[in-house]
Amino acid sequence: MNFKIMPKSAFADWVDRLIGSYRVVGPKRKHGQYVFDELRGVEGLELHYPTSVLPPKKYLVPQKEVLLNYHLDGSRLEIASKPEPTVILGIHTCDIHALKLFDRIFSQGFTDQHYQAHRDSVILVSIECLEMCGPNAYCRDMGTASATEGFDLHMIDLGDVYAFNIGSQKGADLFKGFRQAFDAIDTDVDQINHVLATKWDNFPYRLDFDVHEMPALLHESFNSTLWDELGQKCLACGSCTQVCPTCYCFDVTDEVDLLMEEGQRVRRWDSCQIHEFAMVAGGHNFRERLALRQRHRFMRKGKYQMDAYNMVGCVGCGRCASACLAGITPIDVMNELCARQQCSELEPFASVVAEVAA
Amino acid sequence: MSFLLEEVKQSDSIYMPIPARITAVSTLTAEEKLFTIELPHELSLEHDPGQFVEVSVLGVGEAPISITSSPSRSNGTFELCIRKVGDLTKVIHNMDRGDIIGIRGPFGRGFPVERFRGKDILFVCGGLGMAPLRSLVNEVLDDRGNYGRVILLYGARSPGDILFKEEIREWDARPDVAVHLTVDRPSDDWDRKVGVITTLFPDVQVDPRNTVAVVVGPPVMYPYVLKELKTLRIPKGNIWFSFERRMKCGVGKCGHCQLNHIYTCQTGPSFNYAEIEMLEEAFS
């Protein structure tokens, strides 16, 4: 691995330099919580944040994104302009793993050029978590509490200095002409390894079963009565999917200006928890009941994405649990399914084993 | 000549519609109209029966519509049978010859006609299912010598709701096609069956070893038809369905058409029963 070492005293200079060349965003405190927002300087940047309300997916699949601009008479029909180059600082590794899933989804089959344009425009600077961010996270179980790839730069806090794992040329280029970042020497690498190796005591397992068993557990639980119980609690607000780093489902609508001349085709985050999500024009709703929508959500996270993309669709960030108005938490749901299914008897999916090991 | 889908893929956005011209409009029923669409010069649709296109009007929106014309009869144009059911289709119903609509596609997997050749074909159709099914029926009839018996079971709400009446009358008159019709609500002069689609099954005898069944209709119909086809002992791999789902984007991204882990707009909408019998959401 290729590391750069930067004294913390130089970090503000580095961020200022980045701001000179890029839009730079990072976690900032807002109303007692943390959000990714644009930085004017290092002030306000909170690298030791527990978790953000929304994951940085909003810079790759924005809440609202213009796909096409047009004149209603058809005389003009253009693809929306490309996004500006953006450095995202302070991404937790769970969110890095989530973007790996996005990369696969938006390129498999048809390439989504709009996602690709955002992907090409961002530079991902992640940071190693040294302790768990809160009681709802289960990143240790999902294998996302650290990352060795998927970032352009990955920061590790070594006390007086930051170590940067160089993940790509785009990442390496952020140090071009900056004289206060140094190649790591052996003692630095020893310290990095020490910090990484000793962090795991701070990351307890929270699921009662191994992640390898999750697809099989969900498969066996398709007709569980627990879905009806969740359906009784769920308010169908869709908060869980909005804050989820692996949710990307969208709706496409047309918006027209007041003069009825100019228009835009836009996509917006949608949610499988909303009543109309699976309803067809004729009125048939394939997931009319809340229980079916809750089941679909958990199936998708723990099984369907594995079937379709060979990656688990959950990174264990716990945001959905924090956002849920009805107190539905994936840790409790998964563990309850496990208790009801006696999941020690389940067969693990070979493909999950391979993916988690990779 | 190049294919429309290639044109769409090679543009800088898979969501970019290609402007196409409406060259003919005819009224089929109180709710459905038939539109003939011509693509820009040098573009052809090259679809399979059972595929769909995303149809859009700037300022209104976009929706998936099945292609009702058969590949065998696509002379540079294709046909869409559109029911007036939402904002977009209301606007399209008010359009006329010469108007422009946006087209993307064709998307999804159609029916594999090459697997049907040499077989007896049992078409089972409900309501608007005739729109996509007509593409396959005409494909088969235009290559009639390569198929065995051809039977069509078609159920509609009322005689006035029957789509493509003239064409069905022609099929009915052919000695090499057996057409069985039923309606839920008969008119005074209705002389065919009355009742749901399954009331037609007692009239049908098939050789299960050599029959392909193709079922297209509203979701509520499928479990009942499936039961009848199982009774006829048609093998699972020879029972084909077209699955209606909300195919919003057409390119396997937006999530609305998901059926278990499958994106219906990509892997489907045509599936045989052997492929989807283990998918719990298929017949929900």
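In what follows, every chain begins at residue 1, and chains take the letters A, B, ... in the order their sequences are listed.
- With rounding to the nearest 0.5 angstrom, the OG atom of Ser56(B) is 4.0 Å from the CZ atom of Arg265(A).
- Of the atoms belonging to Val60(B), it is backbone heavy atoms, and not side-chain ones, that fall under 4.5 Å from chain A.
- Using a 4.5 Å cut-off on side-chain heavy atoms (C-beta onward), Gln258(B) and Cys249(A) make no contact.
- One N or O on the side chain of Gln113(A) and one on the backbone of Ser11(B) form a donor-acceptor pair closer than 3.5 Å.
- Counting heavy atoms from C-beta on, the side chains of Asp251(A) and Lys248(B) come closer than 4.5 Å.
- When each of Arg83(B), Gln266(B), Met247(B), Glu281(B) is scored by its heavy-atom pairs under 4.5 Å with chain A, the top score falls to Glu281(B).
- In this structure, no portion of Pro19(B) lies under 4.5 Å from any heavy atom of chain A.
- Note that CZ of Phe106(A) and CD1 of Ile14(B) are 13.5 Å apart. Values are rounded to the nearest 0.5 Å.
- A distance of 11.5 Å separates CG of Asp87(B) from OG1 of Thr253(A), quoted to the nearest 0.5 Å.
- The minimum heavy-atom distance between Pro17(B) and Leu68(A), with the atom names listed, is CD-CD1, 3.5 Å.
- Between the side chain of Arg246(B) and the backbone N or O of Glu276(A), at least one donor-acceptor pair lies under 3.5 Å.
- By the side chain to side chain donor-acceptor pair (under 3.5 Å) test, Gln116(A) is found to be paired with Asp120(A), residues two or more places apart in sequence or in another chain being considered.
- The CE atom of Met16(B) sits 8.0 Å away from the CD atom of Glu78(A) when rounded to the nearest 0.5 Å.
- Remark: Asp112(A) CG to Tyr15(B) OH distance equals 3.5 Å, nearest 0.5 Å.
- Screening residues 247-272 of chain B for ring pair (Phe, Tyr, Trp, His ring centres under 6.0 Å) gives Phe277(A)-His256(B), Phe243(B)-Phe271(B) as the qualifying pairs, with residues at least two apart or on separate chains.
- The shortest non-hydrogen separation linking Leu72(A) to Leu58(B) is CG-O, 4.1 Å.
- Summarising the geometry, atom NE2 belonging to His296(A) is positioned 9.5 Å from atom CG belonging to Leu259(B); distances are rounded to the nearest 0.5 Å.
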